[in-house]
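The analysis underlying the following values was restricted to heavy atoms, covering all of them including side chains, and did not include hydrogens, waters or symmetry mates. In what follows, chains carry the letters A, B, and so on, assigned in the order in which the sequence lines appear, proteins first and then strands, with residues in each chain numbered from 1.
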Protein chains: 2
Amino acid sequence: MQRDQNPKRPTMGDVAALAGVSRKTVSRVFNSEATVGEDLVAKVRLAASQLNYKMNLVASDLRRSNGRPSTIGLLIQDVSNEFFANIFRAVEDVAESYGVTVLASNIDEDAEREHRLTSQLVERRVDGLIIVPSGNDQSYLAHEQRSGTPFVFLDRPPQLLRADTVLSDNEEGSFLGVRHLIEHGHRRIGFVGEPPAYSPARQRYRGYLRALQTSNIPIETQLISRDLTTEDDAQQAVIEMMSRSVPPTAIFAAQNRLTIGAVKGLREVSMEYSIALVGFDDFQLAYLLQPAVTVIAQDPLAIGKLGAELLFRRIQGDASPANTHIVSTLLITRGSGEIMAPPAHR
Amino acid sequence: MQRDQNPKRPTMGDVAALAGVSRKTVSRVFNSEATVGEDLVAKVRLAASQLNYKMNLVASDLRRSNGRPSTIGLLIQDVSNEFFANIFRAVEDVAESYGVTVLASNIDEDAEREHRLTSQLVERRVDGLIIVPSGNDQSYLAHEQRSGTPFVFLDRPPQLLRADTVLSDNEEGSFLGVRHLIEHGHRRIGFVGEPPAYSPARQRYRGYLRALQTSNIPIETQLISRDLTTEDDAQQAVIEMMSRSVPPTAIFAAQNRLTIGAVKGLREVSMEYSIALVGFDDFQLAYLLQPAVTVIAQDPLAIGKLGAELLFRRIQGDASPANTHIVSTLLITRGSGEIMAPPAHR
DNA sequence: GTGAAAGCGCTAACAT
DNA sequence: ATGTTAGCGCTTTCAC
């Protein structure tokens, strides 16, 4: 930063000199402080545009001590996943309405990166931080929190730290998705999910169990695969399930990439039209696949918006106890989830 | 920024006092300057960790005048589009290898936003800026450029400004896509594209024309739709084309969202298996649609990486003339583009 | 309403 | 190898 290249950048002092006023007056004009006479405002603006002056927000940030925020940090897992891309959009929109710059980075489910990037953002003295955490211990942030930097967590709760959190209604969404399958006559419902280390995965599994129990359907562990992380994992898991002596008549996939894997698996055994499928979390083109995929949609825009609003409330001094907020999910029926169970299996 | 909350943050002075050394020594330790004795390094580190000290990069940036960069800006159209999300990832990777923070924002094809966000980033004194421009006049950046801030443009060339640029091989990619259709017996090939105001759209159209001319196929204006921006636009355009007395036997869609619209259009008239389709720019799940969609794939990761590397070269003082770099495209055959023309039409 | 002086936290330039 | 002094560009504080 501050590479002094060719013609050095004009400073407030330069503008002040040209306009024949003090630096402070220029400062007031650029901060719209209203207590400056119109004639002076005009003079300052003229001088500034003649010099092509742009205020240096870095210097401004250094000295400023009033509460007005200037930057917030955002750590998400991966913008390539539309769920996180939408969170980014929502946070950016709110930040922009406050005139605040967003520093966004991808964590990639890497706890070490989470540490490193958080640290970098704190060194940049962001006024607050929104995190989709990867690690399973956020106690390392306690000190920053006490130093006055507010944190908000999205999608997954922080561990060993109290902070505002915004989550999807994972358990209920999952429950509704599985119940939807049960309502279509299914009693043998396969579960395809991420490892339980990941908190939403645990909740979605809980919803699956509750739906079965509510309908007095026995849990069959051969129909449950809980350690899948990639599309391929899910595809294989589904193929394997379908090759069992008594295969499931429906599948619930607990994450969007796993859902895609499940689609591929079902196609590979040519059962995409006979086995029902409901996925958790929507994805682009789900409606164009054949059959179109029924999903429990999350609302990443709402999650990001709410998270950002909570953060700004904290930045503005809200000191009420940290809270967890739940954003509801929505069942979108498109075909794959409405395939009826064969009569024999009812 | 700098909200002085509860326990004020420790400064270098505090660490220096506790360690019994000068501030400059602490500075040297935190900048890994090597000319500090091991014993002092240890003392400083101990004091810093006792105070939970984190360096203030804002202050550091303000004073520093050596060439070492600290932040770069990135303005893309929309992270929700995977093409731009991948550019973001690639730029971030390169920046991280330099220890540089990325400030990324979405422009949304809005020239006014482009101005505003660029201005904000310049005010933050980013060390360089990577832009996918929306407006049709970037001359407003000439002053910044002369002040020493390097700019690199991606996907679309800047207008009324000279700067490094990285583009896809739009014309050639388009040419190859259309030639692929011709090789499958097609002579009536519909074109579905974005408005010519958008430079890649012009180039892709040019590739389409050249492919036809090369094969001595007459241009039929009824088969050409060049003012489409949304999925729906493309869908309607395709439906309309297919309802003509002599409809096309193949369609070339010049952008990924338009390709999706074309798929929907063909399905609506139940011709997705009889009309060939090639799309420009790949998209997730293209391979899962039925028929799977043949595309000319761009390489957003390569574009982003090259763009970032060019920028860092400039930041490090490279003053050679600005250059335009072309990243090649790749034909990926998946089925929709290999549908043969009916014999009658050959 | 406007200005002068001091200072934010750090690093450059120059000692020693 | 370490310290001292000055100053980055702005805003605060307080004076007028």
Is it the case that dG3(D) (base atoms only) and R28(B) (side chain only) share a donor and an acceptor within less than 3.5 Å, ignoring hydrogens and angles?
yes
Nucleotide nearest S60(A) (side chain, heavy atoms from C-beta), chosen from dT11(D), dT11(C), dG9(D)
dT11(D)
Can you tell which of T165(B), T324(B), L167(B), D164(B) makes a side-chain contact (heavy atoms from CB on, under 4.5 Å) with F153(B)?
T165(B)
For dT11(C), take OP1 and OP2 only and decide whether either is under 4.0 Å from a side-chain N or O of S27(B).
yes
Taking only the side-chain heavy atoms of A59(A) (C-beta and beyond), determine which of dG9(D), dT4(D), dC10(C) contains the nearest atom.
dG9(D)
CZ of R124(B) versus P of dC8(D): gap in Å, rounded?
21 Å
Report which part of the nucleic acid L40(A) touches: base, sugar-phosphate, or nothing (heavy-atom distance under 4.0 Å, all strands).
sugar-phosphate
Kindly check if the number of other-residue, nucleotide or ligand heavy atoms within 6.0 Å of NZ (K305(A)) is above 12?
no
Distance, rounded to the nearest Å, where L62(A) contributes CG and dA6(C) contributes P:
18 Å
R89(A)/D78(B) salt bridge by N-O under 4.0 Å criterion
yes
Gap between atoms NZ and C1', on K24(B) and dT16(C) respectively (whole Å):
15 Å
What are the two closest non-hydrogen atoms of P300(A) and F83(A), and how far apart are they?
CB-O, 3.4 Å
Tell me whether the side-chain N/O atoms of S22(A) come closer than 4.0 Å to OP1 or OP2 in dG3(C).
yes
Between P on dT11(D) and CZ on R23(A), what's the gap in Å once rounded to a whole number?
10 Å
Send over the distance from D61(A) CG to dG7(C) C1', rounded to a whole Å.
16 Å
When all nucleic acid strands are considered with a 4.0 Å heavy-atom cut-off, which category describes T35(B): base, sugar-phosphate, or nothing?
base
Grab the CZ-C1' distance between R9(A) and dC8(D) for me, whole Å please.
14 Å
R113(A) atom CZ, neighbour heavy-atom count above 12 within 6.0 Å
yes
So, OP1 or OP2 of dT11(C): does either fall under 4.0 Å of a side-chain N or O from N31(B)?
yes
Does Y53(B) reach a base, just sugar-phosphate, or nothing at all? Heavy atoms under 4.0 Å.
sugar-phosphate
Of all the choices, dT2(C), dT11(C), dC8(C), which nucleotide is nearest to the side chain of R64(B) once you look at every atom?
dT11(C)
Atom CZ of R63(A) and atom C1' of dC8(C): how far apart are they, to the nearest Å?
5 Å
Of E38(A) and M55(B), whose closest DNA chain C nucleotide lies nearer the 5' terminus?
E38(A)
Rounded to whole Å, the CG-C1' distance (L57(B) to dC8(C)) equals 15 Å
